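Quick caveat, the model's predicted, so the values are computed rather than measured.
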Amino acid sequence: MKSLSFNLLLFWHGLFAGSYIVAFLTDDALGMHIAAGWFVIGLGAFRLLIALLAPERSCWSLPLPSPVLVKAFKRQWAARDAGIVLERNLFIVASGLIVLMGAVLASLSGYLPGDDLHEGIANLSLAVVLGHVAFILLSQGLKKIKALASPAPAKPLPNRPTSSSTPI
């Protein structure tokens, strides 16, 4: 069972992704587009505030690439180790931070004069979002493949009498 904190983080992800999608798709409905953009800004600010207050081991902590994570990533990369995509790695951490920054910057750039900069940043942020989703899907898919390929642990069947306990 997952913790309440993790479930709330998943809920935050859903709100953030939903707001981003609504903002991206409602360019013609300006009121909805602006409201969704403000929601993206608010959710981004909320996430950063909570990340600064959360303990380091919390799922809400800011996932900054630590020296340990960078060293492990370099070691796995040099060894061409498949484990590089099976756990929380540098690609996922960095792309998540870039998604957060890109979406908030895209939203904020809507208040600058001219639409070209806003549209350019929004399109670039979409590419980053898709890359982040691809990294996560690849990681999860490889975890499933690894789990299917590994042998099941041997467990004795419950309530099955052993040979020494049966009377002759």
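Contact detail for A122 and F24: the closest heavy-atom pair is O-CE1, 3.5 Å. In this structure, H33 and T26 approach most closely via the heavy-atom pair CB-O, 3.0 Å. Considering every non-hydrogen atom in both S125 and A103, the closest pair reads CB-N, 4.2 Å. Minimum heavy-atom separation, A23 to A36: N-CB, 3.5 Å. The heavy-atom pair separating M32 from V22 by the smallest distance is CG-CG1, 3.8 Å.
Cluster annotation: L112 is not connected to L124 through the hydrophobic network of ILVMFWY side chains, with a link wherever side-chain heavy atoms come within less than 4.5 Å. At a threshold of 4.5 Å between side-chain heavy atoms, the hydrophobic network of Ile, Leu, Val, Met, Phe, Trp and Tyr places I121 and V40 in two separate groups. Under the 4.5 Å side-chain heavy-atom criterion for ILVMFWY residues, a single connected hydrophobic cluster contains both I41 and I34. In the hydrophobic cluster analysis, where Ile, Leu, Val, Met, Phe, Trp and Tyr join through side-chain heavy atoms closer than 4.5 angstrom, V128 is grouped together with L43. Residues L105 and W38 are members of separate hydrophobic clusters, defined by side-chain heavy-atom contacts under 4.5 angstrom among Ile, Leu, Val, Met, Phe, Trp and Tyr.
The CG atom of D27 sits 7.0 Å away from the CD atom of E119 when rounded to the nearest 0.5 Å.
Within the 3.5 Å criterion, the main-chain N or O of S107 finds no donor-acceptor partner in the side chain of H118. Under a 3.5 Å cut-off, the side chain of H13 and the backbone N or O of L9 do form a donor-acceptor pair.
Ring orientation note: the planes of W60 and W12 are nearly perpendicular, at an angle over 60° on the 30°/60° scale.
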Task: Candidate pair V104 and Y20, rule side-chain contact (heavy atoms from CB on, under 4.5 Å), full reasoning - done: CA-CA 9 Å; V104 170; Y20 179 85; over 6 Å; no
- [ ] Given side-chain contact (heavy atoms from CB on, under 4.5 Å), test F46 with I50 step by step and report yes or no.
- [x] CA-CA 6 Å; F46 174 78; I50 295 297; 3.6 Å; yes
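The number of heavy atoms from other shown groups lying within 6.0 Å of OH (Y111) is above 12. Within a 6.0 Å radius of CG in D115, other residues, nucleotides and ligands contribute 12 heavy atoms or fewer.
Between L100 and L48, some side-chain heavy-atom pair lies under the 4.5 Å cut-off.
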